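Below: the structure, in structure tokens.
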Amino acid sequence: MPVPHKPFDKVIAIDGPSGSGKSTIAKELARSLNVLYIDTGAMFRALAYEASEKKIVLKEGPALAEFLNSLKIDYGESDSVLIRINGHDLSEKIREHHVSGLASVISQLPSVRKYLLDFQRSLALDKICVMEGRDIGTVVFPDSFCKFFVTASVDIRAERRLKQLRENGDDKITLNQIAEDVRLRDETDMNRSVAPLKKADDAITLDTSALNMNDIIHILSNEVKFRAAHLGFNL
Ligand code: DC
């Protein structure tokens with residue numbers, strides 16, 4: 001793959017649909033490179049959760065603007081606290097199944113995307129980090145020096161999600177329901193008018209359906225290091 005020319009951002013962008021394995025990859029890659037890991041999906045989830053607690057209607061308007069103005073987000077404070085909103089630790093709550101649907105709705109609102117875009121850029125300012133999401137390589141950091149687009153089949157993604165939910169104590173939802181949710185969410189994420197889920201032209205695609213995670217991390221880590229060295233910084 002061609003290495004980009006300067007100017008570039010020292011952000012490793014990892015995009016892809018939910019359940020593709022991108023979170024595991026992003027987390028492990030950040031750990032193996034010893035750099036900051038930033039999960040932007042957690043931010044949309046946290047805003048969606050908080051808005052629903054405050055009974056904010058998820059549409060553009062003065063109530064949403066006031067809600068956004070009232071927010072204070074703390075991200076990545078420690079290994080155990082991923083995200084706080086206005087001082088409340090939402091790290092666990094954002095993983096509840098109903099929050100996925102709310103996050104998908106709130107992520108379509110331009111003012112929310114703009115708010116989080118600024119926040120995401122400010123977090124990564126002058127830092128080397130792995131940032132995962134849907135639009136990192138296309139919108140948030142289009143000049144990222146290394147972009148990956150992670151995919152997997154709907155069935156595999158639904159199975160992974162089911163395992164995760166079972167581990168979190170949800171024993172009601174069925175595999176079929178999840179597969180349907182996954183399909184629906186893909187469609188919404190890919191067809192929204194602002195910052196849709198899309199592979200950047202210069203991103204490397206990885207289908208994780210049949211790949212071993214350790215192999216993937218090894219390949220990606222080598223690719224990142226190679227590019228970094230070529231651009232004159234070390235990882
Ligand atoms: O990755 P996730 O499933 O935690 O993301 C939750 C929702 O947020 C999902 O519907 C897509 C949306 N999202 C987004 O629109 N842009 C991002 N950069 C990250 C997530």
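Whatever order the structure lists ligands and atoms in, that order sets their numbers, starting from 1. In this text, all values refer to a predicted model and were calculated from it rather than measured experimentally. Side-chain atoms are counted along with the backbone in the values below, which use heavy atoms only and exclude waters and symmetry mates.
Residues D189 and R134 are paired through a salt bridge, judged by an N-O separation under 4.0 Å between the basic side chain and the carboxylate. The pair R185-D181 does not meet the salt-bridge criterion, since no charged nitrogen lies less than 4.0 angstrom from a carboxylate oxygen. By the 4.0 Å N-to-carboxylate-O rule, K22 lies too far from D207 to be salt-bridged with it. Ion pairing between a basic and an acidic side chain is recognised when a charged N comes within 4.0 Å of a carboxylate O; R113 and D135 show such pairing. E187 has no carboxylate O lying under 4.0 Å from a charged side-chain N of R183, or vice versa, which leaves the two without a salt bridge.
At least one heavy atom of R192 sits under 4.0 Å from some atom of ligand 1. Assignment of R113 to the shell around ligand 1 is supported, since a heavy atom sits closer than 4.0 Å. Judged by the shortest distance from any of its heavy atoms, Q108 lies outside the 4.0 Å radius around the atoms of ligand 1.
Both the backbone and the side chain of S104 come within 4.0 Å of ligand 1, judged by heavy-atom distances. Only the side chain of D189 comes within 4.0 Å of ligand 1, counting heavy atoms alone; its backbone N, CA, C and O stay farther away. Within the 4.0 Å heavy-atom criterion, the part of R185 lying near ligand 1 is the side chain and not the backbone.
For atom 19 (C) of ligand 1, the closest heavy atom belonging to the protein is T40 OG1, 3.4 Å. What sits closest to atom 1 (O) of ligand 1 on the protein, heavy atoms only, is R134 NH1, 2.8 Å. Protein heavy atom nearest atom 7 (C) of ligand 1, with residue, atom name and distance: A103 CB, 3.7 Å.
Of all the atoms in ligand 1, the ones that sit under 4.0 Å from a non-hydrogen atom of R45 are 2 (P), 3 (O), 4 (O), 6 (C). In the vicinity of F44, heavy-atom distances shorter than 4.0 Å reach the ligand 1 atoms 8 (O), 13 (N), 14 (C), 16 (N), 17 (C), 18 (N), 19 (C), 20 (C). Each of the following atoms of ligand 1 lies closer than 4.0 Å to a heavy atom of K22: 1 (O). Proximity to S107 (heavy-atom distance under 4.0 Å) selects the following atoms of ligand 1: 12 (C), 15 (O).
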Atom pairs and distances, donor-acceptor, side-chain atoms in residues 145-158, under 3.5 Å, two or more places apart:
residue: K147; atom: NZ; partner: G137; partner atom: O; Å: 2.9
residue: K147; atom: NZ; partner: P142; partner atom: O; Å: 2.7
residue: K147; atom: NZ; partner: D202; partner atom: OD1; Å: 3.0
residue: K147; atom: NZ; partner: D202; partner atom: OD2; Å: 3.3
residue: S153; atom: OG; partner: I156; partner atom: N; Å: 3.3
residue: R157; atom: NE; partner: S18; partner atom: O; Å: 2.7
residue: R157; atom: NH1; partner: D186; partner atom: OD2; Å: 3.0
residue: R157; atom: NH2; partner: S18; partner atom: O; Å: 3.2
residue: R157; atom: NH2; partner: D186; partner atom: OD1; Å: 2.7
residue: R157; atom: NH2; partner: D186; partner atom: OD2; Å: 3.0

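Cluster membership check: I204 shares its hydrophobic cluster with L235, using side-chain heavy-atom separations under 4.5 Å among Ile, Leu, Val, Met, Phe, Trp and Tyr.
Under the 3.5 Å distance criterion, the side-chain polar atoms of R45 are matched with a main-chain donor or acceptor of I94. Of the possible polar contacts, one joining the R192 side chain to the A195 backbone as a donor-acceptor pair under 3.5 Å is found. Without hydrogens or angle criteria, R161 side chain to I178 main chain gives no donor-acceptor distance under 3.5 Å.
Distances between N or O atoms of D39 and those of ligand 1 include no value under 3.5 Å. Inclusion of Q120 in the set of residues having an N or O under 3.5 Å from an N or O of ligand 1 is not warranted.
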